[in-house]
Each structure stands twice: as structure tokens, then as C-alpha cells.
Amino acid sequence: MRARWHRNHASIGYLCPMVRSLVIVESPAKAKTIGKILGKDFVVKASAGHVRDLPKKGLGVEVRRKTFMPEYVVLDDKEKVVRELQEAAQSVGKIFLAPDPDREGEAIAWHLSEILKGTPEASELPIHRIEFNEITADAIKRAVKNPRAIDLHRVDAQQARRVLDRLVGYKISPLLWQKVQRGLSAGRVQSVAVRLICDREREVRAFVPVEYWTLTATLLKGKETFEAELFRWKGEKPVIGDAATAEAIVAAVRPGPFTVGKLATKPSTRKPAAPFTTSTLQQEASRRLGFTVKRTMNIAQGLYEGVELGSDGPVGLITYMRTDSVRVAQEAQVEAKEFITATYGADHLPAKARVYTSRKSAQEAHEAIRPTSIHRRPDTLKGILTADQMKLYKVVWERFCASQMADARLETLAVDITSGEGTFRATDTRVLFAGYQAAYKDTAEEDAVTEKLVKLPVLAEGEVLTCQKLDPIQHFTQPPPRFTEATLVRTLEEQGIGRPSTYAATITTIQDRKYVEREGKSLHPTDLGFRVNDQLVAHFPDIVDVSFTSRMEQDLDAIEDGEREWIALIRDFYEPFMATLKKAEKEMEAVVVPSGETCPNCGRQMLIKSTWRGSFLGCEGYPECKTTAPIIKRTGQRCKREGCTGEVIERTSRTGKVFFGCDTYPACNWTSWGEPQDTPCPKCGATWMVKKFPRAKGRRPYLQCAVVECKQIVNMPSTPKKDDAAGDEDGEVPAKA
């Protein structure tokens, strides 16, 4: 029996055949999947994330002697987990630490090692670090067969980040509590994200639109019509600034004839996009699927940790989802080549395997996000994956498959049509060879095709066309678009701020702190966000400076690479930071936001105050006068209950959902989930309708009849022929300040 056991387990490097091994991962779901893969000779436990951290109370970093050594304590809610891990370690012969393959995971492995080494029964056990980018049987067994030591450079980089965040948060937050309001926080990355959003909002508000016009001709050849836009006027690019100029050009070109001039054909190729990184997956899931960053990462986590696939058992469907690398393993490329040849044909393969280049700071030990096997097509997983899992897996699968395919070959036809001194142009693109587009087009490509191209009939030079309509269209220049979660992630990545593991946490934090709100997909700074940002910009310019934060990320990368010592980095940061802090404590003035209303009890002015729960009115005489009142958002609409003279105001339910109600409540309890509009229903004659916001991308708000039995829908009133208006982790709060 001993010999049989040894033969069965020699392939995964097991040295002590009579004793089981302990494998510690982060999540229970991952533990379940890996436990089934490794079998009964392994005990697989989950730490459920970090088990040690800096204490909640107190700074937890030694700054008096400037050693900056952190004080780690077992988290209160992890004491039971630690005891279970220590007990499990008493009955095994070897320990494998298998948290996620990044800095955070390396730090968790180190903390677990330190805890287990302090246990007498486990202090002499060999403790190994293993990592894998995918949770499949081959990857797990290969990792167990090739363990390594804990990478202390990675651990130091994570410790440096944690200490920096603690110093920034615990030193600045009390000052914000004192000068702005209690409960606020500052953070090395979150504060930069808030600044980006505030700066963009100020650009939007300061923007002055400029009027301009375009001229579109609807042309007819036989029974086929197409549109062409004025491209040249009197040999120059047309500059049409007002209606009078537009009408003058219309009058000049209307007589015609509209004659086909130059026909230009241009071949081109289009290369596929690289496989997903964390950032690009979050962006595409937002654009294509409407997912928030947090939702995307939660779904991806489940796909990575494993799904039960019947006779195949539990399998991770995608590789590790926190990565900034676009590298693809050679075996995955070979598998993709075989699949593409069999499915699409050998002509859909590139001349040589594609190699994508990651950003300079990317962790090349990681891979891009890809399916663990390209043979698991999305359509074979119907009924196994949830709807959200299927949507995200399909995008990951298609993007990876396309990334390994040949270029698309296109042909663009541009035709000029002249009339008088005006030249109109229409463009059509034909796909000569689909290449990678047979598998996938990203949303940017789809939008470009939809917006710019028309279907042209067969035309010949010198041919005369019939002009059905000349349509002058008024536009206004648009301000820069507000950030969405996806575009904020892209900007953070481009500027080198944060890392893949921090994006979702940062965006969640700034919304939880009420510094930023989502309206539709757009991120808007709140009044509180503006006030905090203005104080930080004025008194801590380095902390919220994009280039400073980016350089700090580069320094952390240097620590991970063994090129810099982490305590020296903290020391270089700490002394100038403390000088800035002391100056801010003397110079920062308390922020007072008057509301324009007076206190009903003492007559002093009421101030707008904010907490993480929201904003309210409070007397400036606090704490002598503790009068408070809610902030009322008025709509200007009369109450819709017959006979009531109250006004409709915006209110919030206990669950945080916005609704509308009468300001005379409880005398009148009229409510509506939608904002009422004084527009009569054309179908049933009701005197008002409700404003609704569609989920579909690019759709305008619409009106729906308030009568349940009717529900007639009409478009929102708008001015025709005009562009749409502009639309669309690391915080620390001390327990006592």
C-alpha cells in the first residue's frame, strides 16, 4: 500500500507519502475547487483574505525613531480562522501557501508563514509558496511540483504601500474632521481619483458651447439613396457658424447638378486588440454590458475560482483577473492555433504567433485574462453559468480568440460629389477578409462603423445624381465628457496611478465616502467632494498630484524588483510630508457652507453639513444649538393629488432609492418613483406623465403616462437637429481623531 501511494503521488513532488499536506488559499470557493483537484491527500483551507493587518486603533507604525516598522495584529474577525489553520498545520507534513499571484497575495502568504512559524507544532514544518494563473488540474499540480520561497521583495513593496496609505490616511483625516466635518478620509490614490473627477467637472461647468452647422445632402441613384456631407466649400474646409451662412450655402448648391467626381479606393488592414488586462476588461464590460467595475470584478472572481462542469469537476474558466500584462502562455497560443485552424480555417491565422507588448511597469510573470481552454466555447456552458457569468465569459473568450487571429483586410471607398462651389463626400468600407472580426469586434470598432459609414451604390465618375434633400443641421461644441467608471480606470492606468488590484476598491471607496455620485454612467463630484478636494489641493499639493503619485508607484515597483529599500522610501516621504502637515494645521481654515436659511430656534444661519450618510442642515451654533433639518430638493412641480397645493420634492427611501413626494407630508402622502412632468398624455388625457431613463446605451429619457392602465410612452420634448448635451482602496480613517 505504501508503494502504491508513493507511485500515485510522485508526479506532484510529494516527499512524505504517509502524511498529508496543507494548502492555504484566500477564498473558500477557490479552496473547494482546488480541494477536489488535489484529492484526499491534501487539506485545503481558506484564509478569507488577510489575517493580519495594522491595528484599527492607533497609527500602528513606529515613527518616533523613524524605523517605520509596522505593528501587525491578527484581525478580530480572523481569530477563529487562524486557530483553524494552526490546528490543521499540526497534522500535516508540509504546508503550501497559495494566495493570489500578486503583491497582495505574496503579503498574505508571508503573514500566514509568520503566524504558522510561531506555532510550536508547525514551526519546523517546511513552508512553501506556490502560485498559478489559472485554476485547472494541470496548473495546480504543476505549481505543487514547483514550489518556491516567499518573494520578500514583493512583500516589502506591499508593506511600503500599506504604511504609506496608513501615514497619509491617519495624519490627514483628523485634520479634515476638524476643518471640514467628521467622518472624512484622505488616501494616496483615492484623493487623486477625486481630484481628476473634480477637475473634469469644473471643465464641464466652465465650458462655453460654440455653434456650428453641417450640411448633409440626401442623394438618389435609381432607387438607392445615400447621404453625403459637405466636405469643401470654395476649396476650403467649411466653417459654418450660424443659420444665415448655412442657408446661403444651401441656396448656392441647391440648383446642382450634383456630379460624381473623384472616386478613391484605399485598402487597409486592422489588427486585433490584445487580450484583456484588468483595466481593459473593466472598460469593455462597462461599454458593452453596462457593468460597474465592482460588478465586473465580482463576476470575474467567480469565473477564476471555478465552476462545476459535470464529469470534468470544478474548473477555473479564466486566468487570474488582476493583471496589467498582455502576455499569453505558449501552450495557450498553441491551443488557440489548433482551434482557429479547425473552426475558421488556416487562412485566419497570422503568419506568426502574435506577441503583445505590455506597459513598462506591468508584471510580466502574470498573463493576460484569457479562457483557461479555448475549447470551452461559451455556447457549451449554457445552463451552467449564470446570465452575468455567461456575458462576461463570452467577452473574454471572444477577445482572446480574436487576439490570436489574422488581421482584417478592408477596402474604403471615398466618393466626392460636386455642386457649384461645394464638394460633398460619402465613405463606404467593405470587408475583403474578416480575419479576427469573424470572432470579435470591440465596442470602439462597432461605434466607428455605425457613426461614420454609409452604404454606397455603384457609382461612376461624371455621373449626375438627384438631390432629394439638403439638410442644414445645427450643432454645438461639447465639453469634455464626464468620467465614467471605465474611463476613470483607463486614466488611472495611463497615468500610472494605482495597480489592477486597486481600481475597483478605489472607485468603491470614493462613492461610499460620498465624494462622488453616479448619475447614469457618469461620475459627478458632490459638494463634499469639492470641499475636501479643494482643501487637499491647497494644503497637500503633492498628495493629490498625479505625477507625484505616479512616481510613487514606480518607486514601489523598484522595491519589488529589489532595486530600492522600502524603509528608505518611507523615510524620504515622511519628513517633507510631516512638514506640510504641520503647516496645514496652522493655515487650513474651517470650511463653512451657508444654506441661506436661518435656524428656527436661535436665529443663526443654518449650514450645509455632510456625513457618509448624506447632507443635512445644521445650526452654526452647534453644540450650543443642535437644530438640524433635511435639505429639500424642489422640482418646481405642483403635487399631483387633486385639491392639494403642495410642491413635489425629491426624497430618499430607507434603502437609499430616490422617489418624489409632496412637501406637505404627512398631511398629503402622494408619491411617485418617477419625476412628474406637466405633459398631458396624448392617449388617455391624463394631465401629467413621468420621466423615465432607459437602460440602453445612447437612448434619450422618455415620458410615460402615470396611469397604470395606460402607460403610453412619448419622447421627451427636444429641439430637433441639435447635438445632445454633455452626458454622460486606499482611504484610512482613524478610530479616534
Side-chain angles (χ1 to χ4, degrees), residues 11-12 33-34 36-37 101 131-146 271-278 280-281 284 300 302-321 323 325-358 362 364-382 384-385 389-390 392-408 434-442:
S11 62
I12 55 175
T33 303
I34 294 174
K36 290 184 178 180
I37 289 172
E131 66 176 359
F132 35 82
N133 286 315
E134 60 186 65
I135 302 179
T136 59
D138 288 344
I140 299 300
K141 293 177 180 179
R142 185 165 57 247
V144 173
K145 189 176 180 180
N146 298 281
K271 295 181 181 297
F276 284 125
T277 62
T278 302
T280 55
L281 176 63
E284 188 71 352
L303 293 173
Y304 165 69
E305 289 179 344
V307 175
E308 196 75 39
L309 297 182
S311 59
D312 291 340
V315 176
L317 296 181
I318 65 171
T319 53
Y320 188 55
M321 66 288 164
T323 176
S325 171
V326 291
R327 185 182 70 84
V328 175
Q330 185 176 359
E331 55 266 31
Q333 286 189 316
V334 171
E335 186 183 61
K337 179 179 179 180
E338 295 170 351
F339 176 85
I340 292 165
T341 302
T343 306
Y344 299 99
D347 58 338
H348 281 71
L349 288 172
K352 59 181 181 179
R354 294 192 181 277
V355 177
Y356 294 96
T357 304
S358 302
E364 282 302 315
H366 291 179
E367 276 196 70
I369 303 171
R370 61 169 177 81
T372 54
S373 173
I374 199 171
H375 293 296
R376 294 192 191 94
R377 300 179 62 147
D379 54 7
T380 66
L381 300 175
K382 289 181 179 178
I384 297 174
L385 302 182
Q389 286 177 328
M390 176 60 79
L392 195 65
Y393 180 72
K394 187 172 185 289
V395 169
V396 172
W397 187 93
E398 290 176 348
R399 172 82 163 234
F400 171 69
C401 183
S403 75
Q404 303 302 303
M405 295 175 69
D407 295 347
Y436 75 90
Q437 292 184 352
Y440 178 81
K441 287 183 184 179
D442 66 25

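What's counted below: heavy atoms across the whole structure, side chains too, no hydrogens, waters or symmetry copies.
L317 CG to Y393 OH: the interatomic distance, rounded to the nearest 0.5 Å, is 5.5 Å. Distance check: K141 NZ to K145 NZ gives 11.5 Å after rounding to the nearest 0.5 Å. The CD1 atom of I318 sits 11.5 Å away from the CG atom of N133 when rounded to the nearest 0.5 Å. Here the CZ-CH2 distance, from R370 to W397, works out to 14.0 Å after rounding to the nearest 0.5 Å. Expressed to the nearest 0.5 Å, how far OH of Y320 lies from CD1 of I135 amounts to 10.5 Å. Atom OG1 of T278 and atom CD1 of I369 lie 4.5 Å apart (nearest 0.5 Å).
Between V326 and A274, the shortest heavy-atom distance links the atoms CG1-CB, 3.9 Å. The two atoms that bring A408 and A434 nearest to each other are CB-O, 3.3 Å, heavy atoms only. Nearest approach of M405 to G435, heavy atoms of both residues: CE-O, 3.5 Å. Scanning both residues, R399 and Y440, for their nearest heavy atoms gives CD-CE2, 3.5 Å. Closest heavy-atom contact between S403 and Y356: O-OH, 2.5 Å. Considering every non-hydrogen atom in both I34 and F132, the closest pair reads CD1-CZ, 3.6 Å.
Listed for the T33 side chain is no donor-acceptor partner under 3.5 Å among the backbone atoms of P314.
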When the side chains of residues 328-335 are checked against the rest of the protein, which donor-acceptor pairs come out under 3.5 Å, sequence neighbours left out?
| residue | atom | partner | partner atom | Å |
| --- | --- | --- | --- | --- |
| Q333 | NE2 | R354 | O | 2.7 |
| E335 | OE1 | I374 | N | 3.1 |
| E335 | OE2 | S373 | OG | 3.2 |

What donor-acceptor contacts under 3.5 angstrom involve side-chain atoms of residues 336-348, with partners at least two apart or in another chain?
| residue | atom | partner | partner atom | Å |
| --- | --- | --- | --- | --- |
| T341 | OG1 | K337 | O | 2.8 |
| T343 | OG1 | F339 | O | 2.9 |
| H348 | ND1 | Y344 | O | 3.1 |

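Take F276 and apply the ring-ring contact (aromatic ring centres under 6.0 Å, His included) test, not counting sequence neighbours, and it matches no residue.
With a 4.5 Å cut-off on side-chain heavy atoms, V315 and R376 count as touching. The shortest distance between side-chain heavy atoms of L385 and L303 falls below 4.5 Å. Looking at heavy atoms from C-beta onward, D407 lies in side-chain contact with P272 at the 4.5 angstrom threshold.
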Stepwise side-chain contact (heavy atoms from CB on, under 4.5 Å) test for L381 and M390:
CA-CA 8 Å; L381 300 175; M390 176 60 79; 4.1 Å; yes
